[in-house]
2 protein chains.
Amino acid sequence: MRPTKRDELVQRALQAFYRNGFHATGMDKLVAETGISKTSMYKHFRTKEDLILAVLRLRDEHFRNWLYRRMEELADTPRQQLIAMFDALEEWFAEPGYKGCMFIKASSEYQGASHPIHKQCADHKRMLERHITELAEKSGLTDPGAVARQLLLLKEGAIVTAHLGHTDNPAQDAKAAALRVLSTHIG
Amino acid sequence: MRPTKRDELVQRALQAFYRNGFHATGMDKLVAETGISKTSMYKHFRTKEDLILAVLRLRDEHFRNWLYRRMEELADTPRQQLIAMFDALEEWFAEPGYKGCMFIKASSEYQGASHPIHKQCADHKRMLERHITELAEKSGLTDPGAVARQLLLLKEGAIVTAHLGHTDNPAQDAKAAALRVLSTHIG
DNA sequence: CTCAAAGTGTACCGATCGGTACCTCTTGAG
DNA sequence: CTCAAGAGGTACCGATCGGTACACTTTGAG
């Protein structure tokens, strides 16, 4: 198993797409920013769309790993981990290059519900929902599914609000709301 | 005051941009979909960006008018109107052509915080926040600002979740969470 | 009727779009 | 050393991008 050029391409393409958007990042710009020749790119991926799908796959893996790990580092019990999600988000929002959620942006540039990119974004959100639901179950909350969906609404809201930048600390606002949601769902 | 061609152009450009995205909608496509000649467009707007700004101005006016009016139609007291926001959102999500929030999409295609389009999107969200804050004040809630921000996080979350389409009824999930938020903020 | 304002049609500009053809250079296993 | 596989370089394809030039038609107020 070699960890080479192809992965490097996907990695750097991720950064370029995240910074500048999908339609706004042409293949020529990708050549300039990654230092990888266009010929090589099209050896690995048949189309730009295929490359984007690979980029989203990588992003999904990185983001979920990061979030789950950070939630576990920040709190011990499942219930506290649910709350800690918003502290993790606050850290993310504070990063210099923060530009919102890659999946929200991808799904809004490729809007068709049947478009492969759109579907892959929905899959990402579904996997998040499953994990949060499991945590809610372990917390012994009444109606874990509903709690998970409500917490994730707060998460998505905080992500886009942090990107718009019209509010000071959306992560802590979301955390406050999450606490109220959880407190009314004690089993 | 004439209500003519220029407004018609902005109106139809709005629909085209909303359906297909900003970068993905070229000026030639706009000519095809609006039936208005490119020459005329560039008589009214110096650049595509200027046209987009006008489109967003119209969208802001339409959306806020619609939401505020619908909230008042659906409920009598300020407090009930805050909750009714989520019923109004549910109606919006159910519309055939629903494709998410135009401002979230615009700000994620024009990401620079100093970009005029991005700033105008932030302004829209600020105006919403002010109105919701006023309603929270009239409701006699403790810390109306915090309540407003939390409700709006739920609103944004519901909007993107409805667009992703991986969850059945995000508006009602948001409403449930909103009820819990409000119930803990009784003055 | 006159005449300027407003709108149209068409052809075009250089730049960039996603994607391909073709040839060279490197590299590592046999 | 040999030679196929992988990567790079360059030039190019037709289409589309945002934007302009210019000549024409419509229209409404004086």
Worksheet item: What residues, two or more places apart in sequence or in another chain, satisfy side-chain hydrogen bond (donor to acceptor under 3.5 Å, both in side chains) together with Arg126(A)?
Response: Asp123(A)
Worksheet item: Mind checking what makes ring pair (Phe, Tyr, Trp, His ring centres under 6.0 Å) contact with Phe103(B), not counting sequence neighbours?
Response: His124(B)
Response to the item:
Rounded to whole Å, CD of Glu8(A) lies from C1' of dG6(D) at a distance of 14 Å
Discussion item. Restricting to ring pair (Phe, Tyr, Trp, His ring centres under 6.0 Å), what partner residues turn up for Phe45(A), sequence neighbours left out?
Written reply: none
Discussion item. Can you measure Arg6(A) atom CZ to dA7(D) atom P for me and round it to whole angstrom units?
Written reply: 11 Å
Fill in: is_close_aromatic(His23(B), Tyr110(B)), centroid dist under 6.0 Å
yes
Discussion item. Within residues 38-57 of chain A, which residues have any heavy atom lying less than 4.0 Å from an atom of DNA chain D?
Written reply: Thr39(A), Ser40(A), Lys43(A), His44(A)
Fill in: DNA chain D contacts made by residues 15-29 of chain B, counting heavy atoms under 4.0 Å
Thr25(B), Gly26(B), Met27(B), Asp28(B)
Worksheet item: So which pairs with a foot in residues 91-102 of chain A pass side-chain hydrogen bond (donor to acceptor under 3.5 Å, both in side chains), sequence neighbours left out?
Response: Arg70(A)-Glu91(A)
Discussion item. Between His118(B) and His166(A), is the ring centroid distance below 6.0 Å?
Written reply: no
Worksheet item: Just how far is it from atom NE2 of His62(A) to atom CE of Met102(A), taken to the nearest 0.5 Å?
Response: 12.0 Å
Worksheet entry | Short side-chain to backbone donor-acceptor contact, Glu109(B) and Phe22(B), under 3.5 Å | yes
